[in-house]
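Side chains are part of it too, since the values below use all heavy atoms of this structure and drop only hydrogens, waters and symmetry mates. Below, chains carry the letters A, B, ... as their sequence lines are ordered, and counting in each starts from 1.
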Amino acid sequence: MKRISFKYHHFLWRFMGDLGLQDFFGNYAHKEGVFVERKALQSNYLPDSLPHREEQITQIANILAPSLRRGRPSNVFIYGKTGTGKTHTTNHVVHNLVVAAKEHKVPIKSIYVNCKLKRLADTEYRLVAQLIRECGGTIAATGLPTDEVYKAFFEIVEEQKGLVLLILDEVDQLVKKAGDEILYNLVRVNEELKHSQIVLLGISNDLVFVDTIDPRVRSSLSEEEVVFPPYNAFQLQDILRKRSELAFKKDVVQQGVVEKCAAYAAREHGDARRALELMRVSAEIAERNNHDLVKLEHIDQAEEKIERDRVVDIINAQPKQSQATLYSIMLSSKKEKRNISTGEVYDAYKSLATQAGLRPLTQRRISDILSELDMLGIISTRIISKGRYGRTSEISLAIPAPIFEKTEHLLAEGLALS
DNA sequence: CGAGATTCATGTGAAGTATACCTTTAGGCTTAA
DNA sequence: AAGCCTAAAGGTATACTTCACATGAATCTCGTA
């Protein structure tokens, strides 16, 4: 599709516009679907109420409340596994705070950055640059001294003449990659700022994360801590029901679907995001198959689709060299069913790279790429020593077989034809 | 037979290099008074 | 003379390479029972 020239595309569009498209859209609009409000199940949807998180809401609210009297609240550290509502709850509270502040004419601004997003905020420089962008400023993507970027950011903060709430989602990812100096620097800023103050709200999936950072930073970063326990199956059911009521028409969800979605997600440490996604994708599958009832079997299909999409997204986001590495793992693991060693992967990679017109990287670099892929959960590596015959990582794909086929095709296309 | 030394294939840390990009500065050119 | 553009100089972040050392259990060596 992407190879279709503009002219041809244009022609196609007009052709369809005249004959088929109107009908198509017309049918689509009148078609009986299961959704009323699809958005209500999407992961970025912010519901008005967050059930079973009342305690955390009051905790955070209490911590941040002094800001309304122009005091400086403590920095907060928020823990919890993925999908326990950390991000939503925090944003919910902060949003309400900002609204209240506006009413009372107290200057408060909030900045939200997700540190996990690759190439956006995974180094010190990029994080600060992203912070500036969030404030509406512009900054060069590279080339500036880091101090300079900090300075630019401070100036923007200073201009606010008030409180700035800095929400750093998934800080643990950032610190793991870029070190804890960033946090130290941000904390240190407060001493230099005259008219403004910064409050850090760190959100982390990693429960032991705080123990790994510099004690100086630790004491100032986690002045207050809030823990988000996982939802249990009943709470998940409750959440799912509430959202389904918003999202679906009446009586389109088969008995037991909610329970099954909740059970799946509860198995994965109570991940509500996953439960909701499962629900939404199941319904989409049902809808696409022209069913007006979301059935249990759709959930299984949905689960596979979600996993596949996740893998495909990750792979597409990878640079060419990582893709080549992954592809060579796939090729060699297909040849031999046992786990593969680093050396084998590197050999396969070298020939593949030259074949695809890439400059082969060194083994050192491939080793790093492998551990990155491991972190992404696409492969799994385990260092083993084979005694007299050296030490190596046992590498295996962490992708289920049916998804494997699709992605392999994708990689082959992306590499060989470029 | 068993304790310690060897050995292999690679993991891993540190330092160096190439590239791409940034700002500043200086010089040359144009323009307007 | 002032203003603007361009190119070189000087600087940085990032991705990668080079170098060097660390690892850890199967195997080897050699002393001992």
Candidate nucleotides [options], ranked by approach to the side chain of [X] - the nearest:
X: A:Gln363; options: B:dG13, B:dT10, C:dA15; result: B:dT10
X: A:Thr362; options: B:dT10, C:dT14, C:dT17; result: C:dT17
X: A:Ile383; options: C:dT17, B:dT12, C:dT14; result: B:dT12
X: A:Arg365; options: C:dT14, C:dT23, C:dC16; result: C:dC16

Do any N or O atoms from the side chain of A:Ser196 and from the backbone of A:Lys161 form a donor-acceptor pair under 3.5 angstrom? yes

Taking A:Glu303 for the side chain and A:Leu278 for the main chain, is one N or O donor matched with an acceptor at less than 3.5 Å? no

Would you say [X] reaches [N]'s phosphate, i.e. side-chain N/O to OP1/OP2 under 4.0 Å?
X: A:Ser393; N: B:dG11; value: yes
X: A:Arg126; N: C:dA15; value: yes
X: A:Ser371; N: B:dG11; value: no
X: A:Ser341; N: B:dT10; value: yes
X: A:Ser385; N: C:dG24; value: no
X: A:Arg388; N: B:dA9; value: no

Of all the heavy-atom pairs spanning A:Leu358 and A:Ala324, show the shortest one and how long it is. CD1-CB, 4.0 Å

How long is the gap from CZ on A:Arg72 to CD1 on A:Ile198, to the nearest 0.5 Å? 9.0 Å

Listing time: all N or O pairs from protein to nucleotides 16-20 of chain B that are below 3.5 Å?
none

Judged by nearest nucleotide, the residue sitting upstream toward the 5' end of DNA chain B, A:Gly343 or A:Arg364, is A:Gly343

Any salt bridge between A:Lys305 and A:Glu284, counting N to O under 4.0 Å? no

A:Leu352: which of A:Pro360, A:Ser332, A:Ser328 passes side chain to side chain contact (heavy atoms under 4.5 Å, CB included): A:Ser328

